[in-house]
Amino acid sequence: MNSTTKLRANHGAGIKALLALALGGALNAAAWADINVGVIVSATGPASVLGIPERNTIDFCPTSIGGEKINYTVYDDATNPGEATKVARKLVTENGVDLLIGSSSVPGSLAILEVAYETKTPQLAIGPVPYTEKDKDHWLFRLPQPSELMAAAEVDHMNANGIKKIGFIGYADSWGESFLNGLKPAIAGTDIKLTAIERYNRTDTSVTGQALKIIAARPQAVVIVGSGTPAALPQTTLAERGYKGLYYQSHGAVSPAFLRVAGEVAEGTIFPIGPIVVAEQLPDSHPSKKIGLKYKEMYEAKYGKGSLSPFGAHMYDGCLILEAAIPVALKKAKPGTAEFRAALRDAIESTPEIAATHGVFNYSPEDHFGHDERSRVLITVENGAYKLIPESVVTGK
């Protein structure tokens, strides 16, 4: 090979190398431009009745927003706050996520918040986390309705039905305390009195002692705060012990699994819940009806008639919020950067009137729940199915 041939060969090799480098850079740039979302749910453990439909719903979330590919990385925390912390840290450090969604329970969501705050990563909590320190709360947005909003709906119903004495039994954790702390101000200034307050654990198999104490206090109604199937235990125990008063459950209990476990004891129970659960029963003027029916059709087409739960709908609402906020954030920064995470946080907080299955979101610096009375209805159980209480519906601001 003469010098000219060597030069051409080297020149050709150089061009190939440059082309390969350019192609690799383009591919890396494309990958860098992807938006990465870390999802943590409780697909196993006591909160699995919440986490399974949440995990299933990722199938219906958008894979592209604002011209950018969306990658979802999903982990199961097994209803263990310690595991939630571990995988949240992994999602941030190894996957470089731009946003965290999760977890299914309040304790799990609070565990993730520690990582979200430390790494300045926005979080959409599926558990209805009570307000925490202002600096931490800066990065946290809730998808479920606040306990105060839901408890107030129950108190309205109590007042309308002459209830004066109530008992309470709820989880001995942050979820139980959150609803109790929402109930207390709701009854302040009314004639309603709390005559008994009892607690139980998510994994308890008996609450006989607590039930007997509540019955001894002779309340006209009992408020039960749990989630999924464990929420049925206090109600079935009270019924077995002869309690004849009215039952109120929290929005954490509403699911097909609760109806299956509670059986006939569930008849007549009152629940505050997001409008998705009875979307077909809503008036056409309700902003969640069309969106709720779309989600229900998609979910039940894949997982079977009657499989819909409000918990999966919270995940879908999170995706609707991202659809509204991501295009705004993309105008300010590129995905995969601290600037984009901050811009996404700001966009979530400032994008108004995001219609979703559980109501209409209007986050603000002062309100990281974003819900108003359009986000709740009251339902009861009639012949083994959830039925809307029409007078509880609010369709406008």
Side-chain angles (χ1 to χ4, degrees), residues 145-172 175-200 204 206-227 229-254 258-259 261-273 277-278 373 376-394:
Q145 299 84 343
S147 296
E148 293 82 358
L149 182 70
M150 305 308 250
E154 292 189 332
V155 171
D156 288 345
H157 187 272
M158 293 173 191
N159 280 323
N161 287 272
I163 302 295
K164 304 295 184 185
K165 296 171 62 178
I166 62 173
F168 174 94
I169 178 169
Y171 280 162
W175 170 223
E177 289 305 301
S178 172
F179 201 92
L180 180 59
N181 290 336
L183 179 64
K184 286 179 177 178
I187 64 174
T190 73
D191 294 330
I192 300 170
K193 304 298 180 185
L194 264 169
T195 61
I197 297 176
E198 296 293 327
R199 295 174 175 83
Y200 72 112
D204 283 351
S206 173
V207 292
T208 299
Q210 297 96 313
L212 291 174
K213 290 177 182 178
I214 289 173
I215 292 171
R218 304 176 65 84
Q220 296 167 278
V222 176
V223 178
I224 300 170
V225 179
S227 59
T229 53
L233 179 61
Q235 188 160 342
T236 56
T237 302
L238 283 162
E240 288 167 0
R241 295 290 169 171
Y243 180 71
K244 301 296 184 182
L246 187 60
Y247 295 103
Y248 291 88
Q249 286 271 0
S250 74
H251 46 307
V254 179
F258 174 86
L259 292 179
V261 173
E264 292 184 0
V265 173
E267 292 288 312
T269 304
I270 307 297
F271 308 77
I273 194 61
V277 173
V278 285
E373 291 184 347
R376 72 177 191 197
V377 296
L378 288 177
I379 59 174
T380 188
V381 179
E382 189 174 290
N383 298 320
Y386 293 117
K387 183 177 177 59
L388 176 68
I389 299 176
E391 56 267 29
S392 68
V393 177
V394 175

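What you are looking at is a predicted structure, and each value in this text was computed from that prediction instead of being measured.
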Check: Looking only at heavy atoms, which two atoms of Ala239 and Tyr247 are closest? And how far apart?
Finding: N-OH, 3.4 Å
Notebook entry, point to check: Is the side chain of Glu267 donor-acceptor paired with the backbone N or O of Asn383 at a distance under 3.5 Å, no angle test?
Noted result: yes
Margin query: Would you say that more than 12 heavy atoms from the other residues, nucleotides or ligands in this model lie under 6.0 Å from the NZ of Lys164, or not?
Written below: yes
Next item on the list: Please answer whether the main-chain N or O of Ile273 pairs with a side-chain N or O of Gln145 as donor and acceptor at a distance below 3.5 Å.
Entry: no
Next item on the list: Kindly give the heavy-atom pair with the smallest separation between Gly268 and Leu246, and that separation in Å.
Entry: O-CD1, 3.7 Å
Check: Can any side-chain N or O of Thr380 pair as donor or acceptor with the backbone N or O of Thr269 at less than 3.5 Å?
Finding: yes
Note to self: If you define the side chain from C-beta out and look only at heavy atoms, does anything of Val278 sit under 4.5 Å from Lys387?
What the structure shows: no
Notebook entry, point to check: Counting N and O atoms only, with roles assigned by atom type, does the side chain of Ser392 sit under 3.5 Å from a partner on the main chain of Leu378, one being a donor and the other an acceptor?
Noted result: yes
Checklist line | With Asp204 via salt bridge (charged side-chain N to carboxylate O under 4.0 Å, His left out) - residues at least two apart | finding: none
Margin query: Under 4.0 Å between a side-chain nitrogen and a carboxylate oxygen: does that hold for Arg376 and Asp156?
Written below: yes
Next item on the list: Before giving the answer on side-chain contact (heavy atoms from CB on, under 4.5 Å), spell out for Val223 and Phe179 the whole-Å C-alpha distance, their side-chain angles and the decisive distance to 0.1 Å.
Entry: CA-CA 10 Å; Val223 178; Phe179 201 92; 4.0 Å; yes
Item checked: Heavy-atom closest pair, residues Trp175 and Gly226 -> NE1-O, 2.9 Å
Checklist line | Separation between CZ of Arg218 and OG1 of Thr195, rounded to the nearest 0.5 Å | finding: 10.5 Å
Next item on the list: Grab the two heavy atoms, one from Phe258 and one from Ala266, that are nearest each other, plus how far apart they are.
Entry: CE2-CB, 4.0 Å
Margin query: Using 0.5 Å steps for rounding, measure from the CD1 atom of Ile163 to the OH atom of Tyr248.
Written below: 5.0 Å
Margin query: As a quick check of understanding, evaluate side-chain contact (heavy atoms from CB on, under 4.5 Å) for Val222 and Ile214, giving each step before the final call.
Written below: CA-CA 8 Å; Val222 176; Ile214 289 173; 3.8 Å; yes
Notebook entry, point to check: Say you draw a straight line from OH of Tyr171 to OG of Ser250; how long is it, rounded to the nearest 0.5 Å?
Noted result: 8.5 Å
Next item on the list: Please report the C-alpha distance between Met158 and Ile166 in whole Å, then the side-chain angles of each, then the deciding distance to 0.1 Å, and finally whether the side-chain contact (heavy atoms from CB on, under 4.5 Å) criterion is met.
Entry: CA-CA 9 Å; Met158 293 173 191; Ile166 62 173; 3.9 Å; yes
Next item on the list: For Asn161, look at atom CG and say whether over 12 heavy atoms of other residues, nucleotides or ligands are found less than 6.0 Å away.
Entry: yes
Next item on the list: Over all heavy atoms of both residues, which pair between Glu154 and Pro272 is shortest? Give the atoms and the distance, please.
Entry: OE2-CD, 3.1 Å
Check: Taking only residues two or more places apart in sequence, or in another chain, which ones meet Glu198 in a salt bridge (charged side-chain N to carboxylate O under 4.0 Å, His left out)?
Finding: none
Next item on the list: Check for a donor-acceptor pair, side chain of Tyr243 on one end and backbone N or O of Ala221 on the other, with a separation under 3.5 Å.
Entry: yes
Next item on the list: Take Gln249 and Ile270, measure what side-chain contact (heavy atoms from CB on, under 4.5 Å) needs, and give me the verdict at the end.
Entry: CA-CA 6 Å; Gln249 286 271 0; Ile270 307 297; over 6 Å; no
Note to self: Can you classify the ring geometry of Phe271 versus Tyr386 as parallel (below 30°), tilted (30 to 60°) or perpendicular (above 60°)?
What the structure shows: perpendicular
Notebook entry, point to check: Is a side-chain donor or acceptor of Thr190 paired with a backbone partner of Ile187 at a separation under 3.5 angstrom?
Noted result: yes
Check: Looking at CG of Leu149 and NE2 of His251, how far apart are the two atoms once the value is rounded to the nearest 0.5 Å?
Finding: 8.5 Å
Notebook entry, point to check: Between Ala211 and Thr237, which heavy-atom pair has the shortest distance, and what is it?
Noted result: CB-CG2, 3.7 Å
Check: Hey, is NZ on Lys213 packed in by over 12 heavy atoms from elsewhere, all under 6.0 Å?
Finding: no
Note to self: Suppose we screen for side chain to side chain contact (heavy atoms under 4.5 Å, CB included). Which residues come up paired with Leu180, at least two apart in sequence or across chains?
What the structure shows: Phe168, Glu177, Lys184, Leu194, Ile197, Arg199
